[in-house]
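One structure below.
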Amino acid sequence: MAVGGDVGVAITGDGARVVILPAEAVRWAKEVDAPPGAGNLPGSTSGVFVGRQGELAELRRLLATEGEAAVTQISGVRAIHGLGGIGKSTLALHYAHTYRRTYTLVWWINAASIEQIVTALAALATRLCPQWATTTGVQERAAWAVLWLQWHPGWLLVFDNVEDPADLRHYLGTLPDGHHLATSRTATGWHTIAATMPLGLLDADAAVILLCTLALGQEHASTSEEREDAAALAAELGYLPLALEQAGAYLFETGTSMADYRVMLGQVMDTATGGIDPERTIARIWQHTLTDVERRNPQAVTLLHAMAWLAPDDIPRTLLAPLCPGPRSLGEALGALRAYNMITYSADRQNVSVHRLLQAVLRHRPATDSDEYPPGRQDAEHLIQRATPDGGTDTPRWEQLLPHVVAVAESTPPHTPASTEMADAYRAAAHYLHDQGRDAHAIRLCRAVLAHNEQVLGDTHPDTLASRNNLAGAYDSAGDTARAITLYETTLAQCEQVLGDTHPYTLSGRNNLAYAYESAGDTARAIPLLETTLAQCEQLLGDTHPQTLTSRNNLASAYESAGDLARAIPLYETTLAQCEQLLGDTHPRTLIGRNNLASAYESAGDLARAIPLYETTLAQRKQLLGDTHPQTLTSRNNLAHAYESAGDLARAIPLLETTLAQREQVLGDTHPDTLTSRNNLAYAYESARDLARAIPLYETTLAQCEQVLGDTHPHTLSGRNNLAYAYESAGDLARAIPLYETTLAQRKQVLGDTHPDTLTSRNNLAHARRAIQAVQQGSTATPINAVDPRRPSTTD
């Protein structure tokens with residue numbers, strides 16, 4: 001965080017975006033205090049808390065003591081994990097309610113995805129600073145919330161239902177002055193994030209107390225006979241807290257005795273549903289509860305079945321409204337579900353949540369003879385279709401709806417007939433993510449669209465080919481080049497067969513496959529494809545057609561990757577001039593051309609022409625595409641590298657650190673662009689003579705490159721060369737020379753004997769060998785840094 005006189009710079013809660021906040025917003029972030037007891041805690045499912053006092057005390061001890069430890073960003077965090085229905089969220093919620101007065105603020109975050117975390121942080125900004133937050137976007141509000149948390153220590157953030165522990169890494173680094181409490185079904189992956197506290201089943205005595213309290217009421221003193229019945233029923237339910245709560249709610253609402261309820265359970269076979277034992281337990285009690293709820297309010301059952309297919313948390317009441325004739329009817333139906341502990345309300349009662357385990361049970365319900373859809377599935381799809389915004393400009397509606405669109409896509413039952421309307425909704429959501437520069441997040445949606453088109457239109461219909469191409473592009477954006485290439489190859493072969501060798505789809509497919517080859521470091525296959533495509537585009541479409549310009553740019557890019565700047569630079573210059581003339585100065589293709597020409601100038605050592613082009617391109621991309629669009633991140637990385645090449649480390653290192661943080665969150669920890677950023681930051685640290693920070697980054701990057709890209713990918717070879725050079729700079733020639741030897745042999749094999757990178761490896765190895773003969777001789781060799789590819793996809 002940095003606060004200036006006129007503006008403030010803040011990173012959003014997911015680290016995905018550096019946002020320039022206006023001076024007024026920064027001042028409010030510093031000056032606005034939270035009201036006493038401020039928070040957004042949901043209500044508990046039952047209002048009864050038994051059997052976890054020991055865990056509660058241990059949790060308090062750990063947070064209270066370790067929150068004040070030296071490494072607060074790690075030690076101040078606790079993670080609770082366990083199987084579904086075990087009571088993780090209940091324990092976290094009870095802790096938050098019990099100790100809320102000891103914190104300046106308690107904020108509950110549904111943390112199943114990065115997007116939901118950002119949305120929850122944005123809601124914090126709206127709560128504390130509505131005069132500003134209601135006028136700006138989700139990312140800006142989330143950035144403001146992070147800034148506020150940095151200014152105001154002593155808070156508690158509860159991250160509920162964390163799917164990926166790595167999603168919390170950024171918060172631990174930027175928000176050290178409070179407590180972080182996480183719940184997760186995942187027991188692994190926490191060793192570098194937080195200490196864990198596994199949570200087991202309730203013991204028998206606690207289960208009896210809970211069941212008696214829920215079934216008989218807190219004022220009722222249970223008899224010995226009732227406790228015996230409760231013990232038998234608790235054992236039957238496997239001491240699973242969720243099952244006990246739902247059974248207790250049913251008993252209280254209906255007045256059924258525990259003995260009779262056991263008989264009813266015995267009439268439902270354990271195999272009522274597939275899956276883990278907790279699923280079977282919930283299925284058995286659910287049969288009777290649902291029957292009673294339906295008798296009381298049939299619309300409640302309709303709502304519950306629909307919610308089974310949506311995301312479990314933050315289901316807007318407005319999304320469910322079409323299933324009821326009016327607001328009053330909706331409220332009554334939700335109230336019936338709440339009475340039986342089937343759902344919980346958010347603090348403002350505008351959203352509802354349903355337990356994931358209950359959703360799993362509901363989704364196993366078979367379709368009826370008269371309906372080919374499982375119960376609730378068609379209703380859920382209709383709700384999504386009705387709620388899908390017409391365009392991609394309504395960001396608040398999209399951000400609220402996205403988790404539910406993705407959930408419906410992920411939960412599609414096998415052999416369910418494809419819905420054209422649902423495929424349109426998936427396509428619209430994927431298009432919104434594409435416009436946001438988040439193609440990697442659209443993979444599941446693209447898969448669903450492709451599956452629909454294959455089933456309805458056939459394997460080689462033009463729309464199917466287009467959707468297969470889009471899925472390949474999403475894989476490519478996610479750094480999964482191997483799967484992208486396979487799909488691109490299939491699509492190209494089908495386009496050539498069905499549409500012909502020179503159809504626009506075929507030309508685009510050839511271009512995209514070539515780009516993927518280049519991304520994989522295979523310029524030997526990329527260049528001939530691009531040369532063929534450019535010749536066909538010039539002949540069929542003309543010299544200045546947009547697709548011709550794209551092909552010319554991509555061929556120049558491949559020449560540059562192969563080290564042939566003599567052919568690359570003139571092509572780049574021609575393409576940029578044509579783009580400026582035909583498309584305008586700020587068209588995306590023009591920006592790509594300007595960035596790539598700057599890259600080629602830099603590769604040729606002409607920084608006087610490269611840096612101004614980079615600076616112009618970065619400013620234009622931030623304005624047009626947003627601060628975290630992948631192309632904006634590429635421009636920021638490239639400008640930083642150019643500053644570094646010019647010896648201006650004071651400007652280079654902060655830019656590289658920002659870009660790495662953003663790419664880790666936007667693209668993921670092992671995306672090729674993230675690996676490049678990590679390598680480039682290490683190189684900058686090395687240039688600043690900070691080997692203590694450079695070498696571990698190089699080692700991490702090389703290991704990840706070997707794992708993700710393969711042992712001989714150009715990025716891997718550059719990482720190996722750079723690590724060897726860092727070892728040499730540290731005087732560790734015993735580790736440097738074997739790495740140099742391996743890199744030289746691999747570069748000769750992959751790139752050829754005269755490629756510039758091969759020459760660099762030969763020079764570095766020779767220098768290291770001479771250094772063994774010398775005493776304390778400093779290195780004069782210069783490694784080639786694995787700079788960013790700098791060529792964002794230009795797929796039409």
**OP:** Mind running side-chain contact (heavy atoms from CB on, under 4.5 Å) on Arg377 and Ser411 for me, showing each step along the way?
**Re:** CA-CA 9 Å; Arg377 175 68 194 187; Ser411 63; 3.0 Å; yes
Students often mix this up, so state it plainly: with edges at 30° and 60°, are the rings of [X] and [Y] parallel, tilted or perpendicular?
X	Y	answer
Tyr103	His179	perpendicular
Trp148	His152	parallel
His180	Trp155	perpendicular

Student check: side-chain heavy atoms of [X] and [Y] closer than 4.5 Å:
X	Y	result
Ser89	Asn161	yes
Ile384	Leu310	yes
Lys30	Arg27	no
Leu121	Leu149	yes
Thr90	Tyr95	no
Val26	Leu147	yes
Ile315	Leu320	yes
Gln150	Asp177	no

**OP:** Kindly indicate, with the supporting measurements, whether the criterion side-chain contact (heavy atoms from CB on, under 4.5 Å) is fulfilled by Leu633 and Asp627.
**Re:** CA-CA 8 Å; Leu633 298 180; Asp627 206 60; over 6 Å; no
Does a donor on one side chain and an acceptor on the other come within less than 3.5 Å for [X] and [Y]?
X	Y	answer
Thr254	Asp292	no
Gln299	Ser329	yes
Thr98	Arg60	no
Thr388	Arg397	no
Glu245	Tyr250	no

Of the non-hydrogen atoms in [X] and [Y], which two are nearest, and what is the gap between them?
X	Y	result
Ile343	Arg338	O-CD, 3.4 Å
Val293	Val301	CG1-CG2, 4.0 Å
Leu337	Ala300	CD1-O, 3.5 Å
Leu334	Leu303	CD2-CD1, 3.9 Å
Ala339	Ala249	O-CB, 3.9 Å
Tyr426	Ala448	CD1-CB, 3.4 Å

Heavy-atom count check: over 12 atoms from other residues, nucleotides or ligands less than 6.0 Å from [X] [atom1]?
X	atom1	answer
Phe252	CZ	no
Arg386	CZ	no
Arg317	CZ	yes

Heavy-atom donor-acceptor pair, [X] side chain to [Y] backbone, under 3.5 Å:
X	Y	result
Arg127	Gly39	yes
His404	Asp314	yes
Thr102	Tyr99	yes

Nearest-0.5 Å distance, [atom1] of residue [X] to [atom2] of residue [Y]:
X	Y	atom1	atom2	answer
Thr104	Asp33	OG1	CG	9.0 Å
Asn40	Trp108	CG	CH2	9.5 Å
Glu24	Glu31	CD	CD	10.5 Å
Ile109	Asp313	CD1	CG	12.5 Å
Gln116	Gln400	CD	CD	11.5 Å
Asn351	Tyr345	CG	OH	12.0 Å

Original post:
Could you walk me through whether Trp132 and Glu140 pass the side-chain contact (heavy atoms from CB on, under 4.5 Å) check?
Top reply: CA-CA 10 Å; Trp132 172 77; Glu140 288 74 15; 4.1 Å; yes
**OP:** Decide side-chain contact (heavy atoms from CB on, under 4.5 Å) for Thr302 and Asp379; before the verdict, give the C-alpha distance in whole Å, the side-chain angles of both, and the deciding distance to 0.1 Å.
**Re:** CA-CA 8 Å; Thr302 300; Asp379 281 337; 3.5 Å; yes
Original post:
When Trp309 is tested against each of Glu410, Gln359, Arg363 for side chain to side chain contact (heavy atoms under 4.5 Å, CB included), which residue passes?
Top reply: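 One option only clears the test, and that one is Arg363.
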